[in-house]
Each structure stands twice: as structure tokens, then as C-alpha cells.
Amino acid sequence: MKSFNGKTLRWESREGVIDLTLDHEPANEIGTAMLAELEEFVAAFGALAPETSACIISSARKSIFSAGGDLRELYATAAAVAAKDRPAGVRAFLERIHAVMNAIDEAPFVTIAAVHGACLGGGLELALACDMIIADKMARFAFPELRLGFIPGFGGIPRLKRDLGNAFVRDLLFTGRTMNATRAQAVGLVAQLAGEGEALRIARSTAAQITKYDAVARAAAKKFIKPIPREELRREIDLFCELFTRPSVMAALKKFVEDSGPMPYLP
Amino acid sequence: MRTLEQTTQEVLALAATHFQLPVGSLAPGDDFFKKLGIDSLQTLEMLSRLENHFGIELPDYEVQGVSDFKTLAERIQSRL
């Protein structure tokens, strides 16, 4: 298959580059629908890899790359079952999303996240699984999870620790604040800074350059410089499930999903 | 070094340009959520616009609860 058109995303492979576009209203939330289509996407890697040098992940939504995990779906799903049954459901979802993120992380081609607008929580975790982030200068990055009583659950902390220094990692996690693209580039999260509206064009130009190089050397280099922190990723799932069982988390989620104001509830 | 008055005027001009309003249609005491009718993503966009213009970082928690341009300008001024 050289292309796919789903309900939450689409992709097309052309001239050695896969273009994956997230397009799920309202803000590219990663819930069960997008997860299923991401699973289909990574399942195609085996067939696509021999003729693929690079993959660009971008968003078709205005002002946002991805808001991250679908907290409304998470809350509704968890609220529909008894408290004792919630961790099993959450763990099953996390196991699946971790498998997707790991597949993207170790894809046998170069992966580029072309980010514009807000890149939050699970959206940032998706970008972090990629080899490079090329960001519009209006992009903003955040891990707001601690503000709701849990931690990033899609592999965020182990990948941040793998790639970046402690000062930035702790600031991002412990404050939950959004950081601009200029700062993100200064600390090494962003590889290239793009002008407004130019991230995807620059990502395509970068991908075109990548296609010129030897595939074996490129894959070997990637494997050498980007080991997957598997042990920490396992521990992240355990810790997320442990924190999620607390009633305060459901209360915070309820407050968040019911708030439709311009500054959604975040303590 | 900008004065608070200059910072406030620059904030008003940036907001007017960003939201395509006539310059002079916004006042320091205006509630920007009500006046501009902006949502959470537009709020983040405006934050980026301000940070890029002034060359500062303005953590979300420092502007949480702020709804008028004058107070916003004061928060920015404290970072200049």
C-alpha cells in the first residue's frame, strides 16, 4: 500500500518519503480511533521500508500539532467502569500506544516531526519518538500531565531524559508550562526552526536531502545514536497506572473536560 | 529599556495586528478574552507572538488569571 486515508490521519509514500498527516477534529487528540490508525501505519513499515528514506509527521489542523492523549475519551471510558477495573483498561491502551511509539522511534528510516502550533502531552511524545523536530517559530511544547495528577504516559519522560538535559526536562515536567520554539531549539528539543507556516516545507527539503544518503549507513547511525530506553518505558506504564487509580485524578480530569473556557482548567 | 507605557502600547498593537483589528480599537483595561473572543489555542498563539516580539519567556502560570492588557504588560515588563 502506498497511501492510506483514514478517519484521523492519512499518509502517502512518494519518492522515498512518507508524508503522514494528522487530521482529527478538533485538536488531533490521540484516542482509540487515532491509535488504531497509527497501528495500521506502523504495520506497513515492513513493506514501505525498502523504498523509504524519510517520514514526515505533520498536522492539518490549524494552530495545533496535537493536543495529546484524548482526555475526554479517557475520562468517559474510566468513568463508565468501576474504579478497580480502570487500571486494566488504561494499561491496555498504554501498551498499544507504546508499541506504536517504539516502532516510530526505531523505524528503519529517518522520521521528522514538522510541528506548528501547540504540541502538548501525547503530541509531544509522538514528536519525541521522531528523529528530528522541525518547528514553526509559533510552536509551543508542554507536558501538562502533572497538573492533572499523573505523568506523561506515551513514553515522554524516558525519551526526554534520553535526548535532553535535566534542567529542561524538570522545568517542562514540574511546571507543566508551555515553552516556545526558540527556547526548545536552544535546549536541543527542536532541530531546526522555521518561519511561520514554513515547518512542513523545510521538513520536505530536509527529507529530500536525507534520501541522497546510503540506506545501510543511515540505519546503522540511527541505531547507534538512538537506543530505546525500554526498561524506563516499562516503568513509566506501571507508574502511570499506579497514579491513575487515585480519586483525585478522576476529579481533576472531570474538571478539565467540563471546562470549555479559553484557559482550560489546569491548577 | 522600555517603559511600562511603551510595553503596554506594543502589546495592544501586537494584539490588534494578530487579530486583524484596527489599531487603537483596544485599550489597556480591556478584558482580552471578552474583547477578542479568543479560545485556548489562540491564547497560546498570542503568548508565542508576545514572547517572540519581546524576546522573553512568559510562563503560563504567570499569566494565569490575567485578563486585561495592562496587567499582561506588567507581567512582560517584569521579564524585560
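When reading the values below, keep in mind they use all heavy atoms of this one structure, side chains included, and skip hydrogens, waters and symmetry mates. These numbers come from a predicted model, not from an experiment. Just so it is clear: chains get the letters A, B, ... in the order the sequence lines come, proteins before strands, and each one is counted from 1.
Only the backbone of B:I56 has a heavy atom closer than 4.5 Å to any heavy atom of chain A. If you measure heavy-atom distances from A:T182 to chain B, the contacts under 4.5 Å come from the side chain alone. For A:A139, the part sitting under 4.5 Å from any heavy atom of chain B is the backbone (N, CA, C, O) and nothing else.
With respect to the salt-bridge test (charged N to carboxylate O, under 4.0 angstrom), the residues A:R177 and B:E57 qualify.
Formation of a donor-acceptor pair under 3.5 Å by the B:N52 side chain with backbone atoms of A:K137 is found in this model.
Between A:R147 and B:D60 the shortest heavy-atom distance is NH1-CB, 4.4 Å. When all heavy atoms of A:S63 and B:L41 are compared, the pair lying nearest together is O-CD2, 4.0 Å.
The neighbour count for B:R79 CZ, taken as heavy atoms of other residues, nucleotides or ligands under 6.0 Å away, is above 12.
How far CE of A:M138 is from NE2 of B:H18: 5.0 Å, rounded to the nearest 0.5 Å. Separation of atoms OG (B:S40) and CG (A:D259) is listed at 9.5 Å; rounding is to 0.5 Å. Distance check: A:N180 CG to B:R49 CZ gives 12.5 Å after rounding to the nearest 0.5 Å.
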